[in-house]
Amino acid sequence: MITQDLSIALKHLRQGDVIGMPTETVYGLAGNAFDVNAIQKIYTIKQRPATNPLIVHVGSIQQAETFVKEFPEPLRQLAQTFWPGPLTLLLKKSDRIPDVVTAGSDRVAIRIPNHPLTIELLNQLDFPLVAPSANPYTRISPTNAQQVDLYFGDQIPVVLDGGTCEKGLESTIVGWEEDQAVVYRLGALSIEQLESIVGTVRIRNQCEKVLLAPGMTKKHYSPNTPFLVVENVIEYLQQHPEKHTGIFLTGNEDPDQIAPGFYARLQEMDEMGFDVLIASYLPNKGLGKTLNDRMRRASSK
Ligand code: TXA
Ligand code: MG
């Protein structure tokens, strides 16, 4: 069921259910972060390996402080600048966070989402919410309530409808190592925005150290239709006239402009019966970096 009624969402979360929840980035599958049963349900519904930890969503910086042992000053500045917003911080966790949330790691991923309904939800609850993106493992993240309902409608009691996600891409995940901010997942907050606050950041991509963010697996965000990144879409069409080919992106689009609709368009084109979807990489700046990363993963075997 899809609803805009906050009290229904609150009721289900309080009784330990998992629900679909809007955020400004993508929809999440939310449950009580202190309830091990609710957390298990999330892993089961999402078909996600238990080694892949969950992001804790809180309503205020003060609340975040109670779940961490240390808050390096530069990361605090990022929090003050970009929360509520598409920034997830990886911080040393306090004992209040159950080990299942972090898959045994001593660091917890934490963020304040910027969606009025969800902030209201978090403020009315006396526990934080864990929420992975509301897609089955390796599939495309949903940016509206209907898509969540299509994915999980029969497995969750309710999807709280907060409309179409404003950002349409997951949060950027940032930690602190050896006196430098490290980006573990490119996301809706650009590298340029981060660097305007903390100086040069290090981008640590999927293959370098697999253990750090298990969700950074190479194959991810995948449509069912084969997805190819090509140098030149026109040439590809000329060389493969026999194929029913969908042009996802030509590479000439403005990344910041298309970012919010990126996943929805990929989802839509996936359902159109093409033999193959093709795209060219976008300029590698601003959100172009994030979109290129997603296309690399979508095209990965
Ligand atoms: O925008 C978002 O971040 C969305 C919305 C719903 O908030 N959530 C989201 O969650 O994208 P998820 O679970 O799909 O992706 C979270 C990523 C995963 O790659 C996971 O491995 C990583 O964050 N992660 C979470 N906790 C971690 C931890 N303690 N240490 C390292 N990586 C962590
Ligand atoms: Mg995800």
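Just so you know, ligand 1 is whichever comes first in the structure, and atom 1 is the first atom listed for that ligand.
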Cation-pi geometry met for R96 and F67 (6.0 Å, 45°):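 Because its charged atom misses either the 6.0 Å distance or the 45° angle limit, R96 does not stack over F67.
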
Charged tip of R297 within 45° of F227 ring normal and under 6.0 Å: no

Ion pair R111/E24, N-O distance below 4.0 Å: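 Yes, R111 and E24 are salt-bridged.
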
Short N/O/S contact of S141 with the Mg ion (ligand 2) (below 2.8 Å):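 Under 2.8 Å: S141 has no N, O or S contact with the Mg ion (ligand 2).
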
Atom indices of ligand 1, in the order listed, that fall short of 4.0 Å to a heavy atom of [X]:
X	answer
S133	8 (N), 9 (C), 10 (O), 12 (P), 14 (O)
E170	1 (O), 11 (O)
R107	28 (C), 29 (N)
A109	25 (C), 26 (N), 27 (C), 29 (N)
N52	18 (C), 20 (C), 21 (O)
I55	3 (O), 8 (N), 9 (C), 10 (O), 16 (C)
L90	27 (C), 28 (C), 29 (N), 30 (N), 31 (C)
S171	1 (O), 2 (C), 3 (O)

Among P49, A30, A131, P86, closest by any non-hydrogen atom to atom 8 (N) of ligand 1: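 Looking at heavy atoms only, A131 sits closest to atom 8 (N) of ligand 1.
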
Shortest reach to atom 24 (N) of ligand 1 by a heavy atom, considering only G104, P53, A188, A134: P53

Atom of L87, atom of A79 and distance for their closest heavy-atom approach: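 Heavy-atom minimum between the residues: CD2-N, 4.1 Å.
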
Contact with ligand 1 for R48, non-hydrogen, under 4.0 angstrom: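 True for this residue.
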
Backbone of L10 reached by a side-chain donor or acceptor of H12 within 3.5 Å: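 Checked: no pair found.
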
State whether the shortest distance between N or O atoms of [X] and N or O atoms of ligand 1 falls below 3.5 angstrom.
X	answer
T25	yes
H57	yes
Y27	no

Common cluster, M21/L150, ILVMFWY with side-chain heavy-atom separation under 4.5 Å: no

Nonpolar side-chain network containing I247, other nodes, edges under 4.5 Å: L228, V230, V233, I234, Y236, L237, V276, I278

side-chain contact (heavy atoms from CB on, under 4.5 Å) partners for K93, two or more places apart: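 Testing K93 for side-chain contact (heavy atoms from CB on, under 4.5 Å), a comparison that skips the adjacent residues, returns I97, D99, T102, V108.
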
Proximity of K167 to ligand 1 by residue part, where a heavy atom lies under 4.0 Å: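 None of K167 does.
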
Which segment of R111 sits under 4.0 Å of ligand 1 when only heavy atoms are counted: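 Answer for R111: side chain.
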
Side chain to side chain donor-acceptor pair (under 3.5 Å) partner of S171, chosen from T23, T88, N114: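 Exactly one pass, corresponding to T88.
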
Value rounded to 0.5 Å, distance of OG1 in T290 from NZ in K167: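 Between T290 OG1 and K167 NZ, I get 11.5 Å after rounding to 0.5 Å.
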
Parallel, tilted or perpendicular: ring planes of F274 versus H244, cut at 30 and 60 degrees: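 Answer is tilted, since the angle falls between 30° and 60°.
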
